[in-house]
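To start, the structure itself, in structure tokens.
Reckoned from all heavy atoms, side chains included, excluding hydrogens, waters and symmetry mates. Not measured: the values here are computed from a predicted model.
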Amino acid sequence: MTLTQLEIFSLVAELRGFTLAAHRLGISQSAVSHAMKSLEQELGVELLRRHSSQVELTDIGEQVLQRARAMLGLANTLRQEAADARGMKSGTLRIGSFGPTASIKLLPRILQRYRQVHPGIEVHIDEGPDRQVLQWLEERRIDVGFVVLPEERFDTFALVEDQMVALLPLGHPLAASAALSLQDLCADPFVLTEAGSAELVSRLFTAARLQPNIRYRCSQLLSTLDVVSRGDAVTVVAEGSLPDDPAPCYVKKPLLPAVQRLIGLAVLDQRQASPATRAFIELAKQINQP
């Protein structure tokens with residue numbers, strides 16, 4: 001069993017196909033098939049079930065995948081520790097990011113400085129909904145991820161705090177209110193942004209035993225703002241995620257009671273984090289000191 005076989009297996013499982021994995025790796029499909037056949041023969045179990053255009057994991061394949069990703073994560077840490085001994089002149093850092101707050105307002109500043117200090121580290125960035133970043137962390141697909149805190153499953157490091165706000169169309173009957181409760185937002189159609197703090201917004205309504213009238217689900221914040229600006233719905237978003245618009249086509253109101261949102265970085269286990277990951281976290285903390 002080799003790390004190369006495990007890397008190929010992990011990518012085939014992620015992409016659900018031999019051809020896509022081969023294209024991503026820059027090798028032939030026959031090389032991918034040979035690696036998988038050799039791995040299955042060595043372990044004596046079937047890891048993948050082949051279909052016409054896709055593959056799926058068997059039950060034992062799911063278990064092996066978890067172990068394989070753990071081993072690959074440790075191998076990456078070893079490589080990074082060796083790179084650290086050489087002055088971190090090479091290595092890889094995989095970052096998970098979500099929503100405008102992390103991807104647009106936090107990450108660029110940190111990354112710019114990180115590349116200046118560690119130009120030899122190759123950085124990979126995956127973007128997805130907040131819950132997707134958590135899944136990537138658990139599956140060891142990324143080394144560090146931006147998350148909404150608290151998150152007890154991981155080792156976390158707080159960076160910035162903002163507040164949740166209600167957004168209303170211009171001219172809405174509640175636009176003159178100083179602040180709004182969650183109850184105030186249940187009568188109108190509601191649009192939920194899947195890419196940002198969707199889990200936090202859902203938890204807020206659930207904790208208050210309220211049910212918003214969700215009519216729209218948008219994958220991007222800009223789509224959500226467009227729905228509100230057209231007068232089709234109201235929403236709740238993080239204030240820090242809003243674009244710097246001097247004349248927005250919506251009304252922003254604080255929630256009553258106020259709801260704070262804390263954004264930070266998370267790793268699966270800081271004791272096993274690579275030097276490149278630890279350097280990124282320390283730099284992020286320095287840049288975002290109050």
Side-chain angles (χ1 to χ4, degrees), residues 1-15 20-27 31-32 35 39 64-98 102-128 132-147 151 153-159 263-289:
M1 182 191 310
T2 67
L3 288 175
T4 299
Q5 287 176 324
L6 296 180
E7 288 172 348
I8 293 174
F9 171 52
S10 178
L11 194 56
V12 169
E14 177 184 347
L15 300 178
L20 291 174
H23 181 74
R24 178 80 65 86
L25 293 167
I27 61 178
V32 172
L39 182 59
V64 172
L65 179 62
Q66 293 181 20
R67 299 295 187 187
R69 284 177 172 159
M71 294 172 67
L72 291 171
L74 290 174
N76 185 59
T77 298
L78 289 175
R79 295 190 190 101
Q80 292 297 334
E81 288 175 346
D84 190 35
R86 301 191 304 269
M88 281 183 64
K89 294 181 180 179
S90 63
T92 303
L93 175 64
R94 303 167 300 170
I95 304 169
S97 183
F98 77 92
S103 296
I104 298 177
K105 297 192 175 181
L106 291 178
L107 184 56
R109 290 179 56 223
I110 302 170
L111 207 53
Q112 181 181 32
R113 179 59 179 155
Y114 187 82
R115 283 172 170 158
Q116 292 173 349
V117 179
H118 306 291
I121 301 297
E122 183 178 331
V123 178
H124 296 246
I125 301 171
D126 286 316
E127 290 185 298
Q132 183 74 70
V133 174
L134 297 176
Q135 182 178 339
W136 288 336
L137 279 167
E138 289 181 328
E139 295 177 350
R140 299 178 185 267
R141 297 191 190 187
I142 57 175
D143 302 305
V144 61
F146 288 90
V147 300
E151 191 56 63
R153 291 174 288 174
F154 308 101
D155 291 333
T156 59
F157 310 87
L159 294 181
I263 297 294
L265 291 171
V267 294
L268 194 59
D269 185 344
Q270 61 178 321
R271 297 170 299 180
Q272 297 181 6
S274 69
T277 301
R278 293 196 296 268
F280 181 82
I281 293 171
E282 289 306 314
L283 192 58
K285 289 161 60 179
Q286 292 172 20
I287 290 176
N288 291 282
Q289 284 181 343

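In plain terms, the two heavy atoms of Ala266 and Phe154 that are nearest each other are CB-CB, 3.9 Å. Residues His124 and Thr92 approach most closely at CD2-CG2, 3.5 Å, considering heavy atoms. Of all heavy-atom pairs between Val144 and Thr277, the closest is CB-CG2, 3.9 Å. Val133 approaches Ser97 most closely through the heavy-atom pair CG2-O, 3.7 Å. Between Glu14 and Arg69, the shortest heavy-atom contact is CB-NH2, 4.0 Å. Nearest approach of Ala102 to Pro108, heavy atoms of both residues: O-CD, 4.2 Å.
Distance OG/Ser10 to CG/Leu3: 11.5 Å, rounded to 0.5 Å. Note: Glu151 CD to Leu134 CG = 4.5 Å, rounded to the nearest 0.5 Å. Here the CZ-CD distance, from Arg115 to Glu122, works out to 10.0 Å after rounding to the nearest 0.5 Å. Note that the CG atom of Leu159 and the CD1 atom of Ile110 stand 6.0 Å from one another [nearest 0.5 Å]. If you take CG on Leu106 and CD1 on Ile263, they are separated by 7.5 Å, rounding to the nearest 0.5 Å. Rounded to the nearest 0.5 angstrom, Arg153 CZ and Leu268 CG are separated by 10.5 Å.
No hydrogens or angles considered: a donor-acceptor pair under 3.5 Å links the side chains of Gln116 and Arg113.
The list of salt bridge (Lys or Arg N to Asp or Glu O under 4.0 Å) pairs with a residue in residues 263-272, not counting sequence neighbours, reads Asp269-Arg271.
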Counting only pairs under 3.5 Å, give me each side-chain donor-acceptor contact of residues 279-286, with atom names and distances, residues two or more places apart or in other chains.
residue : atom : partner : partner atom : Å
Glu282  : OE2  : Lys285  : NZ           : 3.3

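Remark: Ala158 engages Leu149, Leu262 in a side-chain contact (heavy atoms from CB on, under 4.5 Å) (not counting sequence neighbours). With sequence neighbours excluded, no residue forms a salt bridge (charged side-chain N to carboxylate O under 4.0 Å, His left out) with Arg140. For His23, the side chain to side chain donor-acceptor pair (under 3.5 Å) test picks out no residue, with sequence neighbours left out. Under the side-chain contact (heavy atoms from CB on, under 4.5 Å) criterion, Gln66 pairs with no residue, sequence neighbours left out.
For Asp143 (side chain) and Arg94 (main-chain N/O), a donor-acceptor pair under 3.5 Å exists by modelled atom type.
Residues Ile8 and Leu39 fail the side-chain proximity criterion, which asks for heavy atoms closer than 4.5 Å.
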